[in-house]
Student: 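I'd like to ask you about the structure that follows.
Each chain gets a letter, A, B and so on, in the order the sequences are listed, and its residues count up from 1.
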Protein chains: 2
Amino acid sequence: MSITYKDIARKAGVSISTVSRVINQTDLHKVGKTTQKKVEKIVEKLDFTPNVIARSLVSRKTYNVAVAIKDLEDIINPYFNQVISGIAGVLERRGYFLQLVRTVSAKEKALSPYYLKAIQEKRVDGLILLSEEAKNKDVIELFAKKVPVILVNRTIPNITAPSVLIDNEGGLYDATKELIELKHKRIVFLAGSFDFQLDKQRLKGYKKALKEANISYDKSLIIEGAFNFNQSATALGGLLKKKVKFSAIVASDDVMALACINLLNERGYKVPEDISVIGFNDMLLLPLASSLSSMKLPLVELGRKAATMLLSIINNDPIKEMEVIFKPELIKRNSIGINKKK
Amino acid sequence: MSITYKDIARKAGVSISTVSRVINQTDLHKVGKTTQKKVEKIVEKLDFTPNVIARSLVSRKTYNVAVAIKDLEDIINPYFNQVISGIAGVLERRGYFLQLVRTVSAKEKALSPYYLKAIQEKRVDGLILLSEEAKNKDVIELFAKKVPVILVNRTIPNITAPSVLIDNEGGLYDATKELIELKHKRIVFLAGSFDFQLDKQRLKGYKKALKEANISYDKSLIIEGAFNFNQSATALGGLLKKKVKFSAIVASDDVMALACINLLNERGYKVPEDISVIGFNDMLLLPLASSLSSMKLPLVELGRKAATMLLSIINNDPIKEMEVIFKPELIKRNSIGINKKK
DNA sequence: TTGATTATGGAAAACGTTTAACCTAAAAGG
DNA sequence: CCTTTTAGGTTAAACGTTTTCCATAATCAA
């Protein structure tokens with residue numbers, strides 16, 4: 001059916017090994033110039049591409065990398081989008097392919113989640129884990145099996161793993177501190193979900209900033225918005241309904257911050273005159289929020305870094321640092337101002 | 001290094017063929033009940049998963065499907081997101097993996113674009129083409145080579161290919177007609193780009209509606225916004241600057257429509273009092289535009305359909321229809337109203 | 001009892017590569 | 001002139017499966 005080395009070899013009147021050497025440019029000293037040209041011409045003419053499957057079988061390399069997100073709806077999230085975009089760029093430049101896998105199984109009680117399946121079946125050379133859903137136990141097992149894995153914005157207790165991290169604690173500390181400096185005392189932290197490390201770490205930073213300013217921690221100011229617009233609006237709506245007092249909000253994501261601004265406007269509050277708002281990620285993709293202050297993160301760059309590290313590990317290149325930490329940087333725009341109340 | 005059939009066979013004291021038969025549940029009449037149990041127990045205990053590469057080599061199936069988008073930034077676009085989400089769901093349920101590939105090559109003059117490379121190297125069993133970038137010539141060649149390919153929202157001249165299409169002409173016809181019924185006469189069509197079939201088709205529908213109403217076609221009302229927020233705002237801004245008169249806008253995408261509403265508000269126009277706006281896709285992901293009227297498309301469903309068709313072709317199942325067409329449906333919300341001017 | 005059938009299983013080729021080991025003729029070295 | 005080296009190859013094993021074909025023992029019908 002399709003062309004193989006055998007065909008090329010026959011047409012060129014040489015052996016299969018010679019064809020392999022010409023195609024891979026290896027051991028070329030074992031091939032005469034004229035033979036080489038002859039083979040190259042035929043490869044060219046037939047537009048031949050070696051079968052990567054057969055190649056993988058012997059080389060044990062697939063040139064395939066899995067990128068794991070929790071659920072496929074997650075690719076809708078601009079955060080993952082940008083990271084994946086960065087990953088993909090590096091992979092392509094280095095000749096690798098990108099396989100998108102999920103960490104949750106399909107409802108029908110699949111045996112193992114897809115991201116594990118991809119590795120068990122040896123479909124991929126490595127894995128970039130963008131999701132926190134993957135169980136610690138499973139991830140530890142992967143490390144034990146020497147599977148190249150990069151963790152993104154997630155750690156495993158007591159283990160130093162190759163990872164690209166975000167200084168979540170520092171980020172929320174900086175954001176909170178800025179608001180405190182603007183005389184805010186009752187600051188809402190709209191987290192995504194405390195099921196995630198990321199928000200636990202951020203809460204730490206929030207508390208730290210409060211403590212330093214001798215502001216007491218009020219649990220009722222902490223709410224969860226599931227990283228999406230609607231649930232964030234609902235959460236904030238709940239707070240308003242309960243008449244909880246506050247003059248500022250830090251959100252764990254720009255979309256969530258946007259939901260706040262939107263709801264506040266609807267309810268007659270002005271941002272930043274009445275309420276200050278700071279987002280996270282600085283995604284800039286919603287020009288509607290062109291005045292949103294945010295903790296900026298170079299997400300595309302972060303993806304690039306993760307991919308580069310993974311490829312280093314896959315190719316046994318020396319790796320400079322096991323953990324790379326990106327520090328969010330506060331971008332001040334028009335959504336924050338001095339607290340004038342009281 | 002890793003476990004193979006050989007190991008299982010040795011431990012079970014049976015042949016490799018027997019192991020294969022048990023694992024694949026094929027030719028089970030050739031395996032005794034007790035032998036089967038014995039093998040199964042060992043497979044279970046060792047947590048063995050067959051090497052999919054070796055398997056692919058002989059079966060000529062990779063259980064891998066490529067989904068091609070133009071550029072990786074495209075996954076940021078909610079349109080692709082939803083379609084891919086639909087595709088991924090079906091693939092996973094049927095045991096297939098999803099490979100994300102681009103139709104444009106990396107800048108460094110790569111030989112062939114990645115989506116072609118994936119096929120040439122036999123990495124994938126089929127391809128879903130979400131991008132119009134892929135050249136007709138290349139796509140035709142794929143069909144000639146009997147590669148399973150599904151086209152999404154794109155056709156190839158003179159060829160009936162398996163495809164999932166959108167009734168673009170009908171969609172814009174309906175939108176325009178609605179506005180005409182609301183007494184609008186000068187209607188802006190904010191297209192993405194006329195490099196694309198999709199917008200050419202939509203323009204056709206737009207013109208058709210005008211013609212039926214005896215409204216003359218004014219080319220200056222046709223602008224392009226590159227399917228993104230900023231360029232759409234710029235395009236509309238240009239129109240305003242030139243003082244072109246209009247009372248309604250149909251945009252080729254919700255984000256673009258949003259850009260219009262945003263700019264109009266900034267410039268002091270009210271929607272829908274002064275200007276009516278209709279979007280396309282009805283993505284609903286920007287609750288900020290909760291009142292945006294839009295031509296709704298079941299994008300996730302569309303992705304599902306594409307994946308289902310592809311798998312049918314891959315597995316030589318009879319395929320019901322070569323072309324499935326999704327008709328956009330006008331969802332009326334608060335962004336349109338009767339034209340009161342003149 | 002004999003021949004046919006059935007149940008159970010193994011051996012080996014094949015898939016398309018890579019690569020280690022081997023071969024030969026010519027060139028070089030002494 | 002003989003030996004060694006080098007250039008330019010070839011052969012064949014290996015990678016981990018699937019699958020066709022063959023083998024044997026037990027069972028069955030007559």
Student: Donor-acceptor check, side chain of B/S59 to backbone of B/R55, threshold 3.5 angstrom: yes or no?
Tutor: yes
Student: What's the NZ-P distance between B/K30 and D/dC22, to the nearest Å?
Tutor: 12 Å
Student: Would you say the side-chain atoms of A/N136 and A/R154 include a donor-acceptor pair closer than 3.5 Å?
Tutor: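 Yes, a side-chain donor-acceptor pair sits under 3.5 Å.
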Student: Side chain of A/Q197, backbone of A/T155: donor and acceptor closer than 3.5 Å?
Tutor: yes
Student: Looking only at side-chain N and O atoms, does B/R21 come under 4.0 Å of OP1 or OP2 in C/dG9?
Tutor: no
Student: Rounded to the Å, how far apart are A/K6 NZ and D/dT10 C1'?
Tutor: 16 Å
Student: Whole angstrom is fine here: how far is it from CG in A/D27 over to P in D/dG9?
Tutor: 13 Å
Student: Step through it carefully: locate the ring centre of A/F97, locate the ring centre of B/Y114, and say whether they are under 6.0 Å apart.
Tutor: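 Judged by ring-centre distance (under 6.0 Å), A/F97 and B/Y114 do meet the cut-off.
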Student: Assign A/T26 to base, sugar-phosphate, or nothing according to its heavy-atom contacts below 4.0 angstrom with the strands shown.
Tutor: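 Result for A/T26 = nothing.
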Student: B/R123 has an atom CZ; how far is it from atom P of C/dG16, in whole Å?
Tutor: 17 Å
Student: Does B/R60 have a side-chain nitrogen or oxygen under 4.0 Å from the phosphate oxygens OP1 or OP2 of D/dT18?
Tutor: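 Negative; the distance criterion is not met.
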Student: Does A/S15 make a side-chain N or O approach to OP1 or OP2 of D/dT10 shorter than 4.0 Å?
Tutor: yes
Student: Would you tell me if any nitrogen or oxygen in the side chain of A/S59 comes within less than 4.0 Å of OP1 or OP2 on C/dT18?
Tutor: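 No, because none of the side-chain N or O atoms of A/S59 sits under 4.0 Å from OP1 or OP2 of C/dT18.
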Student: Taking only side-chain nitrogens and oxygens of A/T18, does any of them come within less than 4.0 Å of OP1 or OP2 of D/dG8?
Tutor: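 Result: no.
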Student: Return yes if the base of D/dT11 and the side-chain atoms of A/S17 contain a donor-acceptor N/O pair under 3.5 Å, otherwise no.
Tutor: yes
Student: Closest nucleotide of DNA chain C for A/N24 versus for B/L28: which of these residues is on the 5' side?
Tutor: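 Here B/L28 is the residue nearer the 5' end.
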Student: Roughly, in whole Å, what's the span from CG in B/N51 to P in D/dT17?
Tutor: 5 Å
Student: Applying a 4.0 Å non-hydrogen cut-off, can you work out what B/V52 is touching in the nucleic acid: base, sugar-phosphate, or nothing?
Tutor: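 Counting heavy atoms under 4.0 Å across all strands, no contact is made by B/V52.
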Student: I want to confirm an ordering. Mapping B/G32 and A/S20 to their closest nucleotides on DNA chain C, which one lands closer to the 5' end?
Tutor: B/G32
Student: Ion pair present between A/E301 and A/R304, side-chain N to carboxylate O less than 4.0 angstrom?
Tutor: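 Salt bridge present between A/E301 and A/R304.
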Student: Reading DNA chain D from 5' onward, which residue's closest nucleotide shows up sooner: A/I16 or A/H29?
Tutor: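 Its nearest nucleotide lies further toward 5', so the answer is A/H29.
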Student: Assign B/S56 to base, sugar-phosphate, or nothing according to its heavy-atom contacts below 4.0 angstrom with the strands shown.
Tutor: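 No contact.
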Student: What integer distance in Å separates A/I53:CD1 from D/dT18:P?
Tutor: 14 Å
Student: Output the rounded distance in Å from CD1 (A/I23) to P (C/dT18).
Tutor: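 Taking atom P of C/dT18 as the reference, CD1 of A/I23 is at 7 Å.
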Student: Does B/R55 make a side-chain N or O approach to OP1 or OP2 of D/dT18 shorter than 4.0 Å?
Tutor: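 Answer yes for this pair, as a side-chain N or O of B/R55 is under 4.0 Å from OP1 or OP2.
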Student: Give the ring-plane orientation class for A/F48 versus A/Y5, where under 30° counts as parallel, over 60° as perpendicular and anything between as tilted.
Tutor: perpendicular
Student: Nearest whole angstrom, please: distance from the P of C/dG9 to the CZ of B/R10.
Tutor: 19 Å
